[in-house]
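Hydrogens, waters and symmetry mates play no part in the numbers below; they use all other heavy atoms, side chains included.
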Amino acid sequence: NRLKMSFEARSNHARCPVAKRLFQLMAVKKSNLCIAVDLPKVGAILDLVMKIGPHICVLKTHIDVVEDFNENFVHSLVALAEKYNFLIMEDRKFADIGNTVSMQYGHGLYKISQWADLVTCHSLPGKGVLDGLKNGAVDYSNKGVFLLAEMSCRGNLINEKYTKDTMELAMDGSNNDFIAGIVCQNPHVVTNPGLIQLTPGVQISNTSDELSQQYSSPQSAIKEKGADIAVVGRGVTNSPNVAAAAEEYRDQLWSAYCSRIES
Ligand code: S5P
């Protein structure tokens, strides 16, 4: 049962090298907190990352909301990732035919494959979307994908069959060296201990926003929903003291993980 296993032990089961690295990083850093920095200005993002860097295992970006994007920005992000020891995930949610996602991943303004360790991807197009991403990376052996099997927002159209078929795609022998984990909301989706469950929709002080987002507490995300890594966005970024907020989420999430594997 992967929910009872430590991240160290699970690193031995990872087929994707980046997932292995991430399990080890989480264990060493004692953090299973991913922060979503959904902010429009480069300066504000870098300022935030300098404050939260010590507390996170993954920094999640939406590069297409940045208004003043430039290449120096991604160089600075990569330098901060090395300094504070976290991975960078671009939450692009690729969802097109292989040829298109290959260009979206490797080319265009953002050249995501050059700086993001991890990306998110919808399973909707099937195997071709993963082949396209492999094709868009110069060397995919140091890259990983998180496949969306479920979503956090109320009214989303994903059903049980879609989730099950997504897991089949993820476990397929030709993809499993590239799939680092699964984005989902319940503890029964991920059974393979080598895959990492990423769960967004986590906040301490709110249960929803005005645009259908639904939140659970850090404890519920880890212990009831089976998250290995929880994604926190506005719970931290809207806080008056982002460093203290990041530390608080990190402590709550890590204690929930420790109590999950010990109980
Ligand atoms: O199902 C999902 C999948 C993702 S990746 N629900 C989500 O909310 N996300 C992302 O997590 C979303 O794009 C956003 O960047 C973050 C949640 O942000 P928050 O401010 O609501 O915590």
Side-chain angles (χ1 to χ4, degrees), residues 1-34 56-60 81 85-91 93-94 113 116-123 126-127 129-131 133-134 137 139-151 160 162-200 221-231 253-254 256-263:
N1 180 355
R2 60 115 189 158
L3 294 167
K4 296 286 172 199
M5 291 171 67
S6 71
F7 294 144
E8 288 97 327
R10 288 175 60 188
S11 73
N12 299 319
H13 294 263
R15 293 290 310 273
C16 167
V18 188
K20 194 181 189 69
R21 217 173 112 205
L22 181 51
F23 272 131
Q24 289 165 351
L25 184 165
M26 290 157 74
V28 167
K29 201 168 171 181
K30 296 194 190 317
S31 172
N32 54 349
L33 169 64
C34 166
I56 59 174
C57 60
V58 176
L59 180 80
K60 192 174 81 56
N85 194 25
F86 59 78
L87 299 189
I88 301 175
M89 173 188 291
E90 165 53 25
D91 190 6
K93 296 190 182 72
F94 293 100
S113 70
D117 305 294
L118 297 161
V119 293
T120 54
C121 176
H122 281 295
S123 53
K127 183 177 181 298
V129 73
L130 297 172
D131 293 338
L133 290 177
K134 283 183 179 172
D139 170 13
Y140 82 82
S141 72
N142 58 2
K143 303 287 169 191
V145 170
F146 274 77
L147 262 190
L148 274 91
E150 288 179 331
M151 290 195 75
E160 273 177 36
Y162 183 95
T163 302
K164 189 173 152 284
D165 292 348
T166 299
M167 293 315 294
E168 258 169 48
L169 186 65
M171 301 302 294
D172 184 286
S174 61
N175 302 325
N176 61 12
D177 59 342
F178 192 40
I179 306 288
I182 304 295
V183 182
C184 67
Q185 295 288 326
N186 90 71
H188 311 296
V189 177
V190 177
T191 49
N192 184 319
L195 290 173
I196 302 175
Q197 176 174 338
L198 185 85
T199 301
I222 302 292
K223 297 181 85 169
E224 288 160 31
K225 295 188 157 187
D228 295 314
I229 299 178
V231 178
L253 291 165
W254 190 257
Y257 154 74
C258 292
S259 115
R260 183 178 88 188
I261 60 170
E262 279 155 19
S263 67

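Side chain of Thr199 to backbone of Cys184: a donor-acceptor contact under 3.5 angstrom is found. In this structure, Asn175 contributes its side chain and Ala170 its backbone to no donor-acceptor pair below 3.5 Å. A donor-acceptor pair under 3.5 Å links the side-chain atoms of Lys143 to the main chain of Ala116, judged by distance alone.
Residues Asn12 and Lys20 are in side-chain contact: their nearest non-hydrogen atoms beyond the backbone lie under 4.5 Å apart. A 4.5 Å side-chain heavy-atom check between Gln185 and Pro200 finds at least one atom pair inside the cut-off. Between Lys29 and Cys57 the shortest side-chain heavy-atom distance does not fall below 4.5 Å. Here the side chains of Ile179 and Cys16 are not in contact, with every heavy-atom distance at 4.5 Å or above.
Closest of all the heavy-atom pairs between Ala27 and Phe7 is CB-CB, 4.5 Å. When every heavy atom of Ile196 is checked against every heavy atom of Arg10, the shortest pair comes out as CA-NH2, 4.3 Å. Nearest heavy atom pair, residue Ala149 against residue Met167, reads CB-SD, 4.5 Å.
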Please report the C-alpha distance between Leu22 and Ile229 in whole Å, then the side-chain angles of each, then the deciding distance to 0.1 Å, and finally whether the side chain to side chain contact (heavy atoms under 4.5 Å, CB included) criterion is met.
CA-CA 10 Å; Leu22 181 51; Ile229 299 178; 3.8 Å; yes
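More than 12 heavy atoms of other residues, nucleotides or ligands lie within 6.0 Å of NZ in Lys4, so this atom counts as buried by the packing criterion.
Side-chain atoms of Tyr140 and Ser113 form no donor-acceptor pair, as typed in the model, at a separation below 3.5 Å.
Checked options Lys225, Gln197, Glu150; the residue passing with Asn186 is Glu150 (criterion: side chain to side chain donor-acceptor pair (under 3.5 Å)).
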